[in-house]
Amino acid sequence: MLKVLYEDQELLVAVKPAGMESQAARRFEPDMVSAIRNHLVMNKSCTPGQAPYVGVIHRLDKPVSGVMVYAKTKNAAAALSSQLQKHQMKKVYEAVVCGKPVNSVENLVDYLKKSVDGNDSQVVDKGITGAKRAELTLEALRFLEEGPNGGPLTLLRIQLETGRHHQIRVQLAAHGMPVYGDARYGRGEKGPLALCAVSLSFLHPRTKKRMEFHMEPSDGAFAWMKER
């Protein structure tokens with residue numbers, strides 16, 4: 001069931017569960033756009049007989065959970081998309097990683113390039129054709145000497161300064177701190193990907209008031225960290 005954090009005539013803020021697509025899925029799989037459309041129809045928040053407008057503003061990888069905002073009008077979609085492009089929309093993530101950072105607070109700057117098929121990304125040297133600058137700031141919140149994988153785990157809070165394909169997962173893995181449960185860039189741990197978009201803030205497209213929404217991840221490795 002769709003977990004709605006806020007809704008008005010212009011937008012809807014909801015929690016995307018891990019394993020669900022952020023936008024319309026090509027196959028018969030659950031996706032956030034379909035879930036929101038069903039919500040709007042059931043709550044009679046759209047014109048009868050017409051498919052509700054749901055504008056996708058930003059995306060989260062399928063295995064990543066987190067707070068997302070969707071537009072209910074084209075004007076709201078344009079305003080929110082403009083904020084995203086101008087870096088006025090702020091997103092904060094939490095991740096449980098294997099290993100630990102050198103310092104409690106670090107700024108990571110790398111250059112990422114997508115694979116030929118576009119499914120993966122990797123850190124490459126600056127100046128390589130197709131490489132894009134990627135920057136994030138991390139803060140260590142909690143550290144365990146031994147997690148379920150037998151090695152150290154660290155709970156990180158991450159502020160994205162750029163938005164690149166698989167950026168958090170690729171950068172952390174390249175710096176020796178793969179996200180726990182990352183089957184693509186990690187070490188093969190079993191369990192859900194321990195990466196969550198815990199906070200989202202933006203200016204309301206109509207009132208221009210700063211709005212901020214939060215969620216608390218509580219499954220998988222996040223639960224393990226909080227129990228210790």
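For reference, positions follow the sequence shown, starting with 1. Reckoned from all heavy atoms, side chains included, excluding hydrogens, waters and symmetry mates.
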Participant: Distance check, rounded to the nearest 0.5 Å: L112 atom CG versus H165 atom NE2?
Facilitator: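 Separation between the atoms: 10.5 Å.
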Participant: Where is the tightest heavy-atom contact between S218 and A223, given as atom of each residue plus distance?
Facilitator: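 Answer, listing the atom of S218 first, then A223: O-CB, 3.3 Å.
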Participant: Walk me through it: do M1 and K3 pass the test side chain to side chain contact (heavy atoms under 4.5 Å, CB included)?
Facilitator: CA-CA 6 Å; M1 184 176 179; K3 184 176 181 180; over 6 Å; no
Participant: Would you call E29-K62 a salt bridge at under 4.0 Å N-O?
Facilitator: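 A salt bridge links E29 with K62.
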Participant: Holding to salt bridge (Lys or Arg N to Asp or Glu O under 4.0 Å), I want the full list of residues that pass it with R184, two or more places apart in sequence or in another chain.
Facilitator: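 By the salt bridge (Lys or Arg N to Asp or Glu O under 4.0 Å) rule, R184 matches D120.
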Participant: Could you walk me through whether M32 and M20 pass the side chain to side chain contact (heavy atoms under 4.5 Å, CB included) test, one step at a time?
Facilitator: CA-CA 7 Å; M32 288 294 290; M20 182 179 282; 3.4 Å; yes
Participant: Do L200 and H58 pass the side chain to side chain contact (heavy atoms under 4.5 Å, CB included) test, and can you show the C-alpha distance, the side-chain angles, and the key distance before you say yes or no?
Facilitator: CA-CA 11 Å; L200 177 69; H58 58 120; 4.0 Å; yes
Participant: Between P17 and S65, is any pair of side-chain heavy atoms under 4.5 Å apart?
Facilitator: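 With C-beta onward as the side chain, the pair stays apart.
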Participant: L80 and V15: same hydrophobic cluster, using ILVMFWY side-chain contacts below 4.5 Å?
Facilitator: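 Yes, because L80 and V15 connect within a single hydrophobic cluster, where side-chain heavy atoms sit under 4.5 Å apart.
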Participant: Considering residues at least two apart in sequence or located in another chain, which fulfil the side chain to side chain donor-acceptor pair (under 3.5 Å) criterion with D117?
Facilitator: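 Checked D117 against side chain to side chain donor-acceptor pair (under 3.5 Å); matches are S115, N119.
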Participant: Taking side chain to side chain contact (heavy atoms under 4.5 Å, CB included) as the definition, give me every residue that meets it alongside V4, ordered by chain and number, with sequence neighbours left out.
Facilitator: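 Counting only residues at least two positions away or on another chain, V4 forms a side chain to side chain contact (heavy atoms under 4.5 Å, CB included) with L2, E7, L12, H39.
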Participant: List, one per line, each side-chain donor-acceptor pair under 3.5 Å for residues 89-105, sequence neighbours excluded.
Facilitator:
residue : atom : partner : partner atom : Å
K90     : NZ   : H87     : O            : 3.0
E94     : OE2  : R157    : NH2          : 3.4

Participant: Nearest 0.5 angstrom please: K126 NZ to D110 CG, how far?
Facilitator: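 Those atoms lie 12.5 Å apart.
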Participant: Enumerate the residue pairs fulfilling salt bridge (charged side-chain N to carboxylate O under 4.0 Å, His left out) with a member in residues 165-175, sequence neighbours excluded, ordered by first and then second residue.
Facilitator: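 Applying salt bridge (charged side-chain N to carboxylate O under 4.0 Å, His left out) to every pair that reaches into residues 165-175, excluding sequence neighbours, yields D61-R169, R169-D182.
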Participant: Could you grab the distance from atom CG of L160 to atom CD of E135, nearest 0.5 Å is fine?
Facilitator: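 L160 atom CG to E135 atom CD measures 10.0 Å (nearest 0.5 Å).
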Participant: Please test M177 against L172 for side chain to side chain contact (heavy atoms under 4.5 Å, CB included), starting from the C-alpha separation and ending with a verdict.
Facilitator: CA-CA 5 Å; M177 299 176 289; L172 293 180; 4.1 Å; yes
Participant: Is there side-chain contact between Y111 and V123, with at least one heavy-atom pair below 4.5 Å?
Facilitator: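 No, every pair of side-chain atoms sits at 4.5 Å or beyond.
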Participant: Between CG of L136 and CG of L108, what distance do you get to the nearest 0.5 Å?
Facilitator: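 Spacing of CG (L136) from CG (L108) equals 4.5 Å.
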Participant: Write down the atom of V64, the atom of A197, and the distance for their closest heavy-atom approach.
Facilitator: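 In terms of heavy atoms, the two residues are closest at CG1-N, 4.5 Å.
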Participant: Shortest non-hydrogen contact from G176 to R187?
Facilitator: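 In terms of heavy atoms, the two residues are closest at O-NH2, 3.4 Å.
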Participant: Taking C-beta and beyond as the side chain, do V41 and R37 meet within less than 4.5 Å on heavy atoms?
Facilitator: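 They are not in contact (no side-chain heavy atoms under 4.5 Å apart), so the answer is no.
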Participant: List in chain and number order the residues that pass side chain to side chain contact (heavy atoms under 4.5 Å, CB included) with S82, two or more places apart in sequence or in another chain; answer none if no residue qualifies.
Facilitator: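 Applying side chain to side chain contact (heavy atoms under 4.5 Å, CB included) to S82 gives K86.
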Participant: Could you walk me through whether Q167 and T162 pass the side chain to side chain donor-acceptor pair (under 3.5 Å) test, one step at a time?
Facilitator: CA-CA 8 Å; Q167 180 180 337; T162 56; 3.0 Å; yes
Participant: Filter on salt bridge (charged side-chain N to carboxylate O under 4.0 Å, His left out), then keep only pairs touching residues 206-218, sequence neighbours left out; what's left?
Facilitator: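 The answer is E10-R206, E216-K226.
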Participant: According to side chain to side chain contact (heavy atoms under 4.5 Å, CB included), who are the partners of A77, at least two apart in sequence or on a separate chain?
Facilitator: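 A77 satisfies side chain to side chain contact (heavy atoms under 4.5 Å, CB included) with Y53, I57, A71 only.
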Participant: If I take atom CD from residue Q159 and atom CD1 from residue I168, how far apart are they, to the nearest 0.5 angstrom?
Facilitator: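 The CD atom of Q159 sits 9.5 Å away from the CD1 atom of I168.
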Participant: Report the residues that fulfil ring pair (Phe, Tyr, Trp, His ring centres under 6.0 Å) with F143, sequence neighbours left out, ordered by chain and then residue number.
Facilitator: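 Testing F143 for ring pair (Phe, Tyr, Trp, His ring centres under 6.0 Å), a comparison that skips the adjacent residues, returns none.
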Participant: At their closest point, which heavy atom of I128 faces which heavy atom of D125, and how far apart are they?
Facilitator: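 That closest heavy-atom pairing would be CG1-O, 3.1 Å.
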Participant: Does V13 have any side chain to side chain contact (heavy atoms under 4.5 Å, CB included) partners at least two apart in sequence or in another chain, and if so, which?
Facilitator: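 With neighbours one apart ignored, the set is L5, Y6, L11, V67, V69, F202, F213.
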Participant: Does the side chain of Q23 come under 3.5 Å of the side chain of D31 through a donor N or O and an acceptor N or O?
Facilitator: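 Per modelled atom types, Q23 and D31 side chains form no pair under 3.5 Å.
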Participant: Test of understanding: clusters of I, L, V, M, F, W, Y form through side-chain heavy atoms closer than 4.5 Å, transitively. Do V170 and L193 belong to the same one?
Facilitator: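 V170 and L193: separate clusters.
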Participant: Work out which heavy atom in K114 is nearest to a heavy atom in S121; give both atom names and the distance.
Facilitator: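 Answer, listing the atom of K114 first, then S121: CG-OG, 3.6 Å.
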Participant: As an exercise, state the distance from CD of E139 to CG of L156, rounded to the nearest 0.5 Å.
Facilitator: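 E139 CD to L156 CG: 9.5 Å, rounded to 0.5 Å.
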Participant: Given 3.5 Å as the limit, does a donor-acceptor pair link the side chain of K16 with the main chain of E21, or not?
Facilitator: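 Absent.
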Participant: Donor-acceptor pair, S22 side chain versus L60 backbone, under 3.5 Å?
Facilitator: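 Yes, S22 side chain to L60 backbone: donor-acceptor pair under 3.5 Å.
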Participant: Could you name each residue pair satisfying ring-ring contact (aromatic ring centres under 6.0 Å, His included) that touches residues 167-187, not counting sequence neighbours?
Facilitator: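 Listed by first then second residue: H166-Y185.
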Participant: List in chain and number order the residues that pass salt bridge (Lys or Arg N to Asp or Glu O under 4.0 Å) with D219, two or more places apart in sequence or in another chain; answer none if no residue qualifies.
Facilitator: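 Here no residue qualifies.
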